[in-house]
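Worksheet for the structure shown next.
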Amino acid sequence: VSIRSGRAASARPVAALAAFPFAFLSPHGAAAAAAVVALAAAVVAASLLFRELRRRRGAERLAAELGRQLRAVSGGIRESVVAYAPDLRVALVNPAFEALTGYTPAELRAQEFLEYIHPDDRTAVLAELESVRGGNTLLGQEYRVITRDGRIRWVSGTWAPLRDERGRPDGVLSTEADITERRRAEDELRHEAELFRLIIEVQRGAAQSALDPEAVLRLLVERSQVLTRAGGATIELIQGDGLAPRAQLGMALPRVDPKTSLGWLTARTGHMHRCDDATLDLRVDRAAFLAAGVRSLLSVPLNWTNQPVGALTIVSAEPQAFGERDARAVELLAGMAGAALSQATAVGARQARLEERTRALQDSEMRFKQLVDAAQEGIWVLDDRGVTTYVNTRLTELLGHEPGDMLGRPLSDFTDSQSRAEALRRLARDRATRPGMGDLRFSRKDGSELWAIVATSPIVGRDGAHVGTVVMLTDITERRRAEDRLRRSADRLKLLHEIDQAVLAARSLPELGRAALGRLRRLAPCRRCTAVLYDFERGEARLLAGYDGVSELSAAPMSLSDFSTTDQLRLGAVRYVDDLARLEPRPPLLQRLLDEGLHSILSVPLMVDGEVIGELNLAATSTGAFEPEHRDVAQEVALPLAIAVQQTRLRDALRRDTAELQRQLARRTAELQETSGELDAITGAIAHELRAPLRQIHSFSQLLLDEGRLEQTAHHHAHRVHDGARTLGALMDGVLQVARVSRQALLRRPTPLAALVDDARRELEPLVDGREIRWQIGDLPTVDGDPTLLGLAVRHLLDNALKFTAPHPRATIRIACAQTDGQLGLSVADDGVGFDGAHATRLFQPFQRLHRGDEFPGLGLGLAVVRRVAVRHGGRAWAESEPGAGTTIYFTVGATSDTR
Amino acid sequence: MTETDSAPADVLLAQDGAADVELTLRALRQGAPGVRVAVARDGAEALDFLLARGQHAARATLPPVTVALVDIRLARIDGLTLIDRLRAHPRTARLPIVVLTASLDPHDRSEAYRVGANSFVEMPVAFDAFVQVIGDVARYWMRINRT
């Protein structure tokens with residue numbers, strides 16, 4: 001370096017060299033350049049020295065000195081130095097040359113001139129040589145040197161002329177710096193730049209075919225092949241438990257077991273795999289590789305979101321075809337593939353989502369449109385200023401406006417003037433912020449009103465800003481009208497109810513009238529109202545009740561003729577005069593009303609059963625004060641009032657009649673009780689007082705007969721007396737029984753008829769008298785009745801059956817449950833002599849007998865008792881019979897639950 | 001069987017009407033032979049007899065009757081009143097009293113028991129039935145009292 005400062009003027013080219021922008025080169029390259037500069041400086045210094053020596057010494061010494069000096073200089077530097085004599089013989093070689101090329105100076109001398117330079121580059125150096133010999137310097141010529149062992153080294157050569165003392169060219173000096181490493185770095189860079197260019201290209205292509213992953217993959221295999229000069233490139237993606245080729249170019253992959261392929265290994269492990277020579281690599285199926293012509297193989301994984309999804313594999317027919325550079329290139333491309341696949345998939349998914357959303361949006365819009373148009377609600381869309389931007393068909397129907405009339409106008413243009421202020425206030429408040437609801441009255445185009453429930457809801461844009469309002473109108477005009485009607489109707493019903501209540505509570509006709517009028521005045525505008533009752537017979541009308549403003553009217557009788565003609569009044573028509581002053585002629589009463597300043601009058605008749613009994617009058621000071629509704633109300637009041645009046649009258653009459661009836665009833669009851677008492681006495685007398693003498697007659701006649709001392713005729717007479725007494729006793733018992741059955745208080749309790757039948761059968765056993773009686777007893781109910789009386793009846797029934805079957809040695813008596821018309825009891829059927837059904841009713845009257853006493857003994861009281869028992873229990877007894885076909889007697893005890 | 005005041009008696013029959021008395025006596029004779037019967041013809045006499053006073057004061061020394069048969073229809077003092085009075089008196093408070101009646105009035109029966117009768121007999125119309133009933137009654141009370 002110290003040489004460099006020797007002669008500044010001569011060092012100028014070197015400075016120019018130093019100024020060359022090496023910066024783009026790698027640091028390695030920059031160091032090489034610095035070495036060249038240093039060498040150049042040494043060469044210049046050597047040539048100056050050479051000249052000086054020549055001038056001062058002899059040629060021999062000079063040459064030796066030069067050689068020594070040059071050797072000394074050149075031996076110290078790393079660059080190879082070769083000095084050529086003017087005849088281009090090798091004059092000097094420094095050790096660095098041998099280090100660079102491997103040739104000894106002797107070997108170099110034995111070679112042809114520039115034989116060590118790569119033939120492709122030699123020409124270029126030779127071409128410059130004459131120029132150098134002419135005195136020019138060739139700086140930084142880069143060329144390849146073939147070393148003694150056949151390797152290629154890149155060098156940067158500087159060829160400078162050697163001059164003699166006089167400055168004439170005298171030989172050539174070459175210095176060569178090894179720039180192989182720099183060249184390689186440059187190559188790397190170039191390659192890398194190319195790689196990036198390619199990748200950018202691939203990316204651009206991938207972007208262009210973003211929706212088609214296959215296109216991206218095709219691009220990738222193509223670039224992989226180009227970039228690595230591979231024989232073929234293939235992309236395989238994991239599918240299930242193996243790899244499926246997706247894109248392929250050039251040589252195909254060896255056909256090997258997919259599970260053992262290097263691609264699968266790569267895809268599964270996520271690490272690169274390389275085979276440099278299939279013939280030497282134990283991992284691979286050599287035969288398959290040879291069959292495919294593949295010697296080298298490089299496989300890199302395809303990753304997608306850090307997961308291996310496949311492999312990119314390049315193959316070559318050459319061994320060791322792929323270096324690190326290729327590996328790096330395909331790795332980069334493989335990364336691209338993952339990204340492209342991912343992007344393509346993502347884009348595809350996004351596209352699909354977009355399409356779906358678009359479709360959904362279209363559907364939704366369609367549905368919205370259908371909904372909106374089919375809606376029963378009027379739908380009104382306002383923009384953020386409250387101006388109509390949309391109305392549906394229903395709304396135009398509701399309001400009677402064409403859509404064109406409404407668009408661009410605010411909602412308040414269509415509301416009723418009274419509602420407007422309120423509507424505006426509410427809308428202004430609500431529409432931008434929150435849903436609102438309320439009733440609003442709109443004006444239809446034809447001027448009629450439209451009541452609607454208005455529901456507003458803000459439309460909020462994507463950014464949250466208020467962009468408009470949806471207003472929904474539900475027509476409630478009918479509902480409002482119905483509500484109004486209902487309310488009035490309810491008022492009227494309430495009034496009527498109150499009138500009914502008042503009518504019920506009223507104890508007199510005037511009170512009744514006041515109750516009705518007091519409530520009527522609340523519903524009809526009148527200053528004066530009266531209720532008047534007619535008395536057609538007297539030609540008079542009497543005030544039932546009346547109000548004149550605040551005071552009550554007097555109740556003095558009025559002449560009916562003051563009202564109207566009798567015939568007219570009897571018609572019962574509603575009379576309505578909207579202006580008395582214009583009525584001609586005016587009846588006296590109306591004249592009086594007019595004089596009192598009343599102009600409108602409404603009269604409705606009080607009618608009962610088509611008869612007019614009076615009228616209800618309403619009068620007001622204004623003309624035309626009464627409307628049809630008031631007429632209806634008045635009539636509604638008139639109806640119950642008339643009925644109430646009539647009822648009150650009837651009630652009064654009834655009260656009078658009832659009082660009379662009660663007096664009569666009391667009298668009759670007293671009479672009856674007296675009679676009953678006498679009957680009791682008589683019955684008692686028969687039953688008890690007469691028994692004592694009867695006993696005597698009976699007993700003494702028996703004693704007469706028993707003692708047997710009477711002669712025949714006397715005995716016969718005594719016998720008759722005795723029989724008579726016995727019959728009389730039986731009769732008395734019977735009568736007593738009938739009386740008791742009739743008078744005795746009923747002690748009702750659940751009584752099983754079956755038990756009574758059993759008792760009676762036991763009791764009557766003697767009457768069977770050796771005959772064969774077949775008893776057929778059905779399922780008998782339990783009835784609610786007096787067990788004593790029921791037992792008596794059952795005994796008589798069975799007694800009857802036994803008695804009338806007596807002529808037959810064998811008889812059947814059927815006893816069954818009888819149920820008819822909700823009455824419960826039993827029937828007793830015998831197959832005895834029977835009787836003519838025509839006499840069936842006589843059978844149940846006391847002392848009525850259908851057979852002679854000597855045929856069938858009896859008093860004719862049994863069935864009378866049966867009937868009495870039935871009647872006392874609210875039931876009845878009847879018989880069905882035919883002579884010779886037996887008799888069935890039915891016995892029921894009235895409506896009673898079967899408590900069997 | 002005696003109707004004299006001095007003779008001892010097992011039974012007092014208080015009954016109105018000669019015919020009825022005759023029938024009852026006959027029935028007792030047939031139904032309960034050997035029973036000594038005294039007869040009072042109205043309620044007042046029956047009371048004197050049983051309480052041994054008035055015309056029957058002499059009976060105070062005699063043993064009381066075993067049972068009294070009282071017809072419910074008696075003159076002067078009716079049968080129910082008679083029983084009531086007898087029950088009120090220490091001498092006859094526990095005397096067995098059997099009511100006889102020709103009536104079938106249930107009212108009579110309940111009244112008789114209410115005033116303190118021990119038994120109630122409806123006299124049947126038929127004589128032989130009466131013999132049976134009256135004999136049973138007399139024998140029953142005689143036996144009860146003897147044991």
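FYI, side chains are in, hydrogens and waters are out, and symmetry mates aren't considered; it's all heavy atoms of this structure. Order of the sequence lines sets the chain letters (A, B, ...), proteins ahead of strands, with each chain counted from 1.
Rounding to the nearest 0.5 Å gives a distance of 12.5 Å between CD of A:Gln702 and CZ of B:Phe130.
Considering only residues two or more places apart in sequence or on other chains, A:Arg709 meets the side chain to side chain donor-acceptor pair (under 3.5 Å) condition with A:Glu707. Taking B:Glu22 as the reference, nothing meets the side chain to side chain donor-acceptor pair (under 3.5 Å) condition, with sequence neighbours excluded.
Summarising the local packing, CZ of B:Arg91 is surrounded by more than 12 heavy atoms from other residues, nucleotides or ligands at distances under 6.0 Å. The number of heavy-atom neighbours closer than 6.0 Å to NE2 of A:His719, taken from other residues, nucleotides and ligands shown, is 12 or below. For A:Gln712, the CD atom is loosely surrounded, since the number of other residues' heavy atoms within 6.0 Å does not exceed 12. The local environment of CZ in A:Arg720 is sparse, with at most 12 non-hydrogen atoms from other residues, nucleotides or ligands closer than 6.0 Å. Heavy-atom neighbours of B:Arg85 CZ from other residues, nucleotides or ligands within 6.0 Å: at or below the threshold of 12. In the displayed structure, A:Glu674 atom CD is contacted under 6.0 Å by at most 12 heavy atoms of other residues, nucleotides or ligands.
Contact annotation for B:Asp128: both backbone and side-chain heavy atoms come within less than 4.5 Å of a heavy atom of chain A.
Identified by a heavy-atom distance below 4.5 Å to chain B, the contributing residues of residues 694-701 of chain A are A:Leu694, A:Arg695, A:Gln696, A:His698, A:Ser699, A:Phe700, in residue-number order. Inspection of non-hydrogen atoms places B:Met123, B:Pro124, B:Val125, B:Ala126 of residues 109-126 of chain B under 4.5 Å from chain A.
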